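Single-structure report; data block below.
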Amino acid sequence: MKFKLITIALILIVSSAIGCNKKAEKSNSFQSESVVLTAETQNLLKSLKSIPEKGFMIGHQDDPMYGIGWNGDANRSDIKSITGDYPAVMGFDLGRVELGNADNLDKVNFDKIRQEVIKQYNRGGMITFSWHINNPMTDGDSWNNTPGAVKTLLPDSINHEKFIQWLQHGVDYLKTLKTADGTKIPILFRPWHEHTGSWFWWGQDNCTAEEYKQLWIMTHDFFKEQGMDNLIWAYSPGAVNTTEEYMERYPGDEYVDLLGFDTYHFNNQKGTEDFTKIMNNMLTIITQLGKEKNKPIAVTETGIESLPIADWWTNVLFPVIDKYPISYVLVWRNAHDIANHFYAPYPGQLSATDFVKFYQNPKTLFNKDIQNLYK
Ligand code: BMA
């Protein structure tokens, strides 16, 4: 009797253990399908959602790389020269990594970008990458918008293999973005941007909605197969009028983590009303979608070229973005290679004093304000 009981107990223990294993196997296989993000990346995603309770992060493209009157100086940034602080977000571009080049399309060295990405992570800031990738059908640049390129990259099409090689180069580079102790640096990845315009080969008139979605999903799946578990995927069309237009080429909730848009202030003072109107409309659209989908939102690119309005920061940009729960706003680069192509002030620039006021507002978050993004 005793033995029988022990045997039954043993059978029960063994079978429940097998049951547990099955469950474990199941959850593992589920996890491998949906990519478990690294702890730091999960924390960054949570931070992006909670930041609007305090304010919004300020970002600048290529911030530590070059600025007005300098190129490649160590520990320099036009924003830091004015405020004493780095922006909370730094944007970089992968364009030409697909070719295995040493420098990107704006003549910035990829090893130097890696060093600056590591520094930015170590000082607690966020990093985002766009990708002005060449056109694989024509070998022209991103702006070579001969219609039909996207179709040729899809599976079983003529440029598919070539394009996968290009994506592989991107993955290989992104995999090198690690700290000295091997921590993978979380990256907000923003491919296939501004696709509601037609200036890029992946834009509106150059492919169908279905082709665009397939392009996004193929990129996402390829990166996932390569084990990329430190990316937050940002969707950033240009300005559109309606939610329907915003969503027309949206690849799906499982492929996108953050909802953004790119739009610029054109036409100096005369353009202020238009810019404000477009910003309000886009921000209303993404605020609503962000709530529905539980995803953070951001102004992924904006600015006014050469900052001809002295109080642009506190009187044009701040009042409009302050009304919406955005996690960050990023202004474009201070080019070293194109005259008057800058979007952040530098010492002595017309809007520099106003930028300091903008900096001092507790709601604008710079590097010193955001020390816990990854914890
Ligand atoms: C554009 C311009 C170009 C640049 C590109 C990628 O908006 O700044 O000069 O090559 O972005 O950074």
Side-chain angles (χ1 to χ4, degrees), residues 59-72 77-79 87 89-99 101-114 116-117 120 126-136 138-145 149 166 169-170 173-174 187-204 206 234 236-239 260-267 271 275 278 282 298-308 312 317 328-346 349:
H60 185 208
Q61 185 74 3
D62 275 349
D63 180 80
M65 297 302 181
Y66 50 80
I68 302 306
W70 62 278
N71 187 3
S77 141
D78 281 344
I79 286 187
V89 178
M90 289 185 183
F92 302 104
D93 200 276
L94 288 173
R96 308 286 151 88
V97 86
E98 66 276 10
L99 306 180
N101 286 9
D103 294 346
N104 82 356
L105 78 163
D106 298 319
K107 306 175 207 68
V108 190
N109 184 267
F110 282 113
D111 290 332
K112 184 92 200 304
I113 295 181
R114 182 186 310 104
E116 292 299 336
V117 164
Q120 171 70 351
M126 186 175 101
I127 297 103
T128 174
F129 270 92
S130 45
W131 197 348
H132 285 85
I133 189 170
N134 273 8
N135 180 333
T138 61
D139 286 321
D141 62 21
S142 293
W143 293 268
N144 181 297
N145 55 2
W166 282 15
H169 283 138
Y173 177 72
L174 289 170
I187 302 293
L188 187 120
F189 185 49
R190 199 169 65 85
W192 313 126
H193 67 305
E194 297 176 11
H195 60 283
T196 49
S198 300
W199 44 90
F200 296 136
W201 57 260
W202 57 88
Q204 189 78 17
N206 310 321
S236 60
F261 67 92
D262 295 2
T263 202
Y264 285 83
H265 182 155
F266 297 108
N267 210 9
F275 175 69
I278 292 169
M282 289 307 290
V299 182
T300 40
E301 275 185 43
T302 194
I304 176 165
E305 191 179 47
S306 74
L307 286 157
W312 189 77
L317 183 63
Y328 80 93
V329 54
L330 179 137
V331 294
W332 206 239
R333 65 197 195 104
N334 281 9
H336 59 99
D337 51 345
I338 304 174
N340 297 320
H341 187 55
F342 63 87
Y343 296 85
Y346 52 89
Q349 200 277 327

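Whatever order the structure lists them in is the order used to number ligands and atoms, beginning at 1. Everything numeric here is computed off the predicted structure, so don't read it as measured data.
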Reported CZ-to-CG distance for the pair Phe275 and Leu317, which is rounded to 0.5 angstrom: 6.0 Å

Residue pair Asn71 / Met65: nearest heavy atoms and the distance that separates them: OD1-O, 3.6 Å

- line: From the list Lys112, Arg96, Arg333, salt bridge (Lys or Arg N to Asp or Glu O under 4.0 Å) with Asp106 holds only for Arg333

- line: Atoms of ligand 1 under 4.0 Å from any heavy atom of Ile338, numbered from 1 in the order shown, are 9 (O)

message: Less than 4.0 Å is my threshold; does some heavy atom of Trp143 fall inside it relative to ligand 1?
response: yes

message: Taking Glu98's backbone N and O only, do any of them form a donor-acceptor pair with Tyr173's side chain (distance below 3.5 Å, no angle check)?
response: no

- request: Starting from atom 11 (O) of ligand 1, find the nearest protein heavy-atom neighbour and note its residue, name and distance.
  value: Trp332 NE1, 3.1 Å

message: Could you check whether any side-chain N or O of Gln120 sits under 3.5 Å from a backbone N or O of Met126, counting only pairs where one atom can act as donor and the other as acceptor?
response: yes

field: Heavy-atom pair of closest approach, residues Ser142 and Trp202
entry: OG-CH2, 3.7 Å

- line: At under 4.0 Å between heavy atoms, what of Asp62 touches ligand 1? The answer is neither

- prompt: Can you find a non-hydrogen atom of Asp93 under 4.0 Å from ligand 1?
  reply: no

field: The one among Asp141, Asp106, Leu105 that brings a heavy atom closest to atom 4 (C) of ligand 1
entry: Asp106

statement: Honestly, for Arg333 the part within reach of ligand 1 (heavy atoms, under 4.0 Å) is side chain

- request: Could you tell me the residue and atom name of the protein heavy atom closest to atom 2 (C) of ligand 1, and the distance to it rounded to 0.1 Å?
  value: His341 NE2, 3.3 Å

